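Because the structure is predicted, anything quoted here is derived from the model rather than measured.
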Amino acid sequence: MSPLWVLTRWNEVYSATPAAIPFLAHAAAHVPLVRAELIHRLADIADGRGPESAGRGDEDAAAHDLVLAELPALLRFLDDPDPETRRAVVTLTPLASRVGEDVWDRLARRYEDDPDGQVRADVFSALACLADPGGSRADAVRRWTAGAVTDPEPPVRARAAVMLMERAGTPYPVDLVEVLAEARAQAPPGNGLRSALAGLPDPDAREARVLGADAGAMAVVARQLIDAGDRGERGSHLATELASTWRDREEEAFGLLRAALPYGHGDTFRRLGELLPYVPRADRPGIAADVLPHAQGTGTGTDGYRLRSARLLLGLLGDARVEGFLPGHRPGAVPDTEDDADVLGELAAATGRPDLWRSVLRSTHLREANRALDALSPAVTPELHPELVALLRARRHVRHAATALAEAGVARPEVMAALTELSREPDGYEPPAHEHNSWDVMAIQDRGTAPAGNRITAAVALARLGGPPEPALALLAEASGGWLALAGHLGPAGRPLLPLVEAALAEPAPATRLWASQAHRRITGDPYARCVPVLTDLVRTWDEREAHGAPPPPSALATLAELGVTPDEIRPHLRTWANSERRIIPCYARHGPLEDDLLREAARAHLSLLADR
């Protein structure tokens, strides 16, 4: 049935959808084997649609009306022997009143008598949504809710606990949190079918919203789910959400994820790596000991992902024992697979070992995202310059190599020669055939072109190392997009580009004005000429640009603090940004909650400035 997804994917209606609806309904009525899936698809089509939905097209309204026309024939399957079919029909019951059907009594009997706990939970949600406030039906829902917290079925207890927690407000009563935690831990794993009710809030989203309002409750439920086996990674997902939503909960979330390690989920190792910067270094040997058993052996598919993730975490922890777990790899040898190169790149960055760094940089399987490239710094780059020059000559990872050499000031003749050659060579160079081994170089072969910007990057690096600035000036003057941001790296030599930088200062996009202000400051050496006014304007207008009072760009706020300027408009918000227990900028980034951390640090810097005045 998966091809039917194209009719309803992303909850959108397509041109073929209205024509398919009568056939889907006919098949649902006559083919029991696919009845549940087809009714779920029809509920997807009907969900939130109709003429009353603002901004919807004619096809959306037509599809919604066609599902309503089929609804009376589908409601009879509320008594179907198959529990999944009954669940599917329940998702449509909120629409019954639009076709003159009152399904309250049938739902009430289904709640009282249905043998399937998940069906009863979905019916319970439907009844709660259909009850009019203050009426006899609302009284019945309150009675059912009071009894549901001790119901033998875990899904029913969970729905009732969420409803009562929402009513009680935060901090939630401990007994209700324990009911929810126990029920969620005992509930069987889902089968992927939705519990959402057409046109009404999704019960799962409601539970997530309720839990997201109380960090303590979120941690308790995550712990119970993990202790119960972390089925479907529900507990580890919730632990990640804890650190993403709340400040100073990283160590607690890390501890929860560490407790999930025995189950060997590949994503658990990745999430632990994202939170590792927030854990004391003294704990790392013990963490590595927990990870070691999962990094040994061979495997493919899900097992291969687990092995790779565990080894990457060991590399990030700086545990050299991971070298012994890489099949076919010998210490000091160049990695001959992408996975080995990635793992050893993590280990090189964590330990600073030049021998590892050299091996990884020499590998033809070095990928763009390898930590050996990301972690290059002036402290290590001079020792690695032969390998970086080799990358330049091979036209591979030019941005990383050229930038690292320039920032470290490595102006050796071979470096200058390689950068000069690159700066004169049009983008589009294709490496020799024998170098088409790693995925990034193979992509170059497929496109027949090198990554755009190699030439500009090399020319700017050459100028930064004392070479002629004219090639960089000429290329940047013709550059598109954000390449002009590199003009700031030229310092005073970039003055001929000031008219273009100043034009970028007037662009509507905040990100463009941000890099243009920084470039202007570096070129002129005067932060107060244009940089401070632009940054001040960015933080002054943040509440006009962003909905719900979102904060200004943390980097702009931090630069103003560095320059000793605190706009009056942000002063009332600084204590909230600095002291909020909940994250101001929710963090779902790959490398952890960095943006919100920067915001808090910048706000604290401004508060210190104000205190010193």
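- Across all their heavy atoms, A222 and L256 have their closest contact at CB-CD1, 4.1 Å.
- Remark: R87 engages D122 in a salt bridge, criterion side-chain N to carboxylate O under 4.0 Å.
- Summarising the geometry, atom CG belonging to L71 is positioned 10.0 Å from atom CZ belonging to R98; distances are rounded to the nearest 0.5 Å.
- Using a 4.0 Å cut-off between a side-chain N of Lys or Arg and a carboxylate O of Asp or Glu, E166 and R209 qualify as a salt bridge.
- Among pairs with a residue in residues 150-188, none fulfils ring-ring contact (aromatic ring centres under 6.0 Å, His included), at least two apart in sequence or across chains.
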Verdict with reasoning, T85 to R35, per side-chain hydrogen bond (donor to acceptor under 3.5 Å, both in side chains)
CA-CA 6 Å; T85 298; R35 183 172 292 149; 5.5 Å; no
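- Side-chain contact between F77 and D82 is absent, with no heavy atoms from C-beta onward closer than 4.5 Å.
- Annotation: the span from E251 atom CD to R258 atom CZ amounts to 11.5 Å, rounded to 0.5 Å.
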Go through it in stages, so that I can follow the logic: the residues are L257 and F269, the test is side chain to side chain contact (heavy atoms under 4.5 Å, CB included), and I'd like the CA-CA distance, side-chain angles, deciding distance and then a yes or no.
CA-CA 8 Å; L257 289 167; F269 301 102; over 6 Å; no
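- Checked by atom type and distance alone, the side chain of T150 pairs as donor or acceptor with a backbone atom of G147 at under 3.5 Å.
- Remark: the D597 side chain and the Y278 side chain contain an N/O donor-acceptor pair separated by less than 3.5 Å.
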Side chain to side chain contact (heavy atoms under 4.5 Å, CB included) between M165 and V177, worked out:
CA-CA 8 Å; M165 288 162 64; V177 175; 4.2 Å; yes
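- No donor-acceptor distance shorter than 3.5 angstrom exists from the side chain of D151 to the backbone of R157, with no hydrogens or angles considered.
- Note on R109 versus D113: no salt bridge recorded, every NZ/NE/NH1/NH2 to OD/OE distance being 4.0 Å or above.
- A salt bridge links E207 and R184; the closest N-O separation between the charged side-chain nitrogens and carboxylate oxygens is under 4.0 Å.
- When side chains are defined from C-beta on, L313 does not count as touching V322, because their heavy atoms never get closer than 4.5 Å.
- L127 has its side chain out of reach of R137: every pair of non-hydrogen atoms, C-beta onward, lies at least 4.5 Å apart.
- Taking 4.5 Å as the limit, every side-chain heavy atom of V89 sits out of range of all side-chain heavy atoms of D80.
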Quick one, L180 with L211, criterion side chain to side chain contact (heavy atoms under 4.5 Å, CB included). Give me CA distance, side-chain angles, the key distance, then yes/no.
CA-CA 10 Å; L180 177 61; L211 275 181; 3.9 Å; yes
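- For the residue pair H237/R271, the side-chain donor-acceptor check at 3.5 Å is satisfied.
- Side chain of R231 to backbone of A187: a donor-acceptor contact under 3.5 angstrom is found.
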Under the salt bridge (Lys or Arg N to Asp or Glu O under 4.0 Å) rule, what do D114 and R86 come out as? Steps first, then yes or no, please.
CA-CA 10 Å; D114 200 291; R86 298 198 297 275; 2.7 Å; yes
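- Between D79 and R110, some side-chain heavy-atom pair lies under the 4.5 Å cut-off.
- Although no hydrogens or angles enter the test, the distance criterion places a donor-acceptor pair under 3.5 Å between the side chain of H294 and the main chain of L261.
- Here W144 and F124 keep their ring centres 6.0 angstrom or further from each other.
- R206 contributes no side-chain N or O that, together with a main-chain N or O of M163, makes up a donor-acceptor pair within less than 3.5 Å.
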Derivation of the side chain to side chain contact (heavy atoms under 4.5 Å, CB included) call for R167 and L164:
CA-CA 5 Å; R167 190 180 302 166; L164 291 170; 3.7 Å; yes
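- Scanning all heavy atoms of the two residues, the minimum distance from R311 to P327 falls at NH1-CD, 3.9 Å.
- Contact of the L176 side chain with the P173 side chain is registered, since non-hydrogen atoms from C-beta on lie closer than 4.5 Å.
- A heavy-atom distance below 4.5 Å is found between the side chains of R247 and I584.
- The stretch residues 15-32 participates, sequence neighbours left out, in no salt bridge (charged side-chain N to carboxylate O under 4.0 Å, His left out) pair at all.
- The nearest pair of heavy atoms linking V156 to A148 is CG1-CB, 3.8 Å.
- Side-chain atoms of T170 and D214 form no donor-acceptor pair, as typed in the model, at a separation below 3.5 Å.
- Across N370 and A341, no two heavy atoms sit closer than the pair ND2-O, 2.9 Å.
- Nearest approach of A138 to D132, heavy atoms of both residues: CB-O, 3.3 Å.
- If you take CG on D339 and CG on L326, they are separated by 9.0 Å, rounding to the nearest 0.5 Å.
- Not one N or O on the side chain of R270 forms a donor-acceptor pair closer than 3.5 Å with the backbone of S309.
- Atoms CG and CD1, from L292 and I287 in turn, are 12.0 Å apart once rounded to the nearest 0.5 Å.
- Scanning both residues, V291 and A310, for their nearest heavy atoms gives CG1-O, 3.5 Å.
- Atoms CD and CD1, from E84 and I39 in turn, are 11.5 Å apart once rounded to the nearest 0.5 Å.
- H365 places a side-chain N or O within 3.5 Å of a backbone atom of D336 that can act as its donor or acceptor partner.
- The pair R371-D374 does not meet the salt-bridge criterion, since no charged nitrogen lies less than 4.0 angstrom from a carboxylate oxygen.
- One distance of note links CD of E153 with CD of Q118; it measures 9.5 Å at 0.5 Å rounding.
- Counting heavy atoms of neighbouring residues, nucleotides and ligands inside a 6.0 Å radius, atom CD of E112 exceeds 12 of them.
- Salt bridge status for D596 with R583: present, with a side-chain N to carboxylate O gap under 4.0 Å.
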Are D267 and Y305 close enough, and set up right, to give a side-chain hydrogen bond (donor to acceptor under 3.5 Å, both in side chains), and what steps lead you there?
CA-CA 9 Å; D267 284 340; Y305 177 60; 2.5 Å; yes
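- At a threshold of 4.5 Å between non-hydrogen side-chain atoms, the residues E70 and P22 count as touching.
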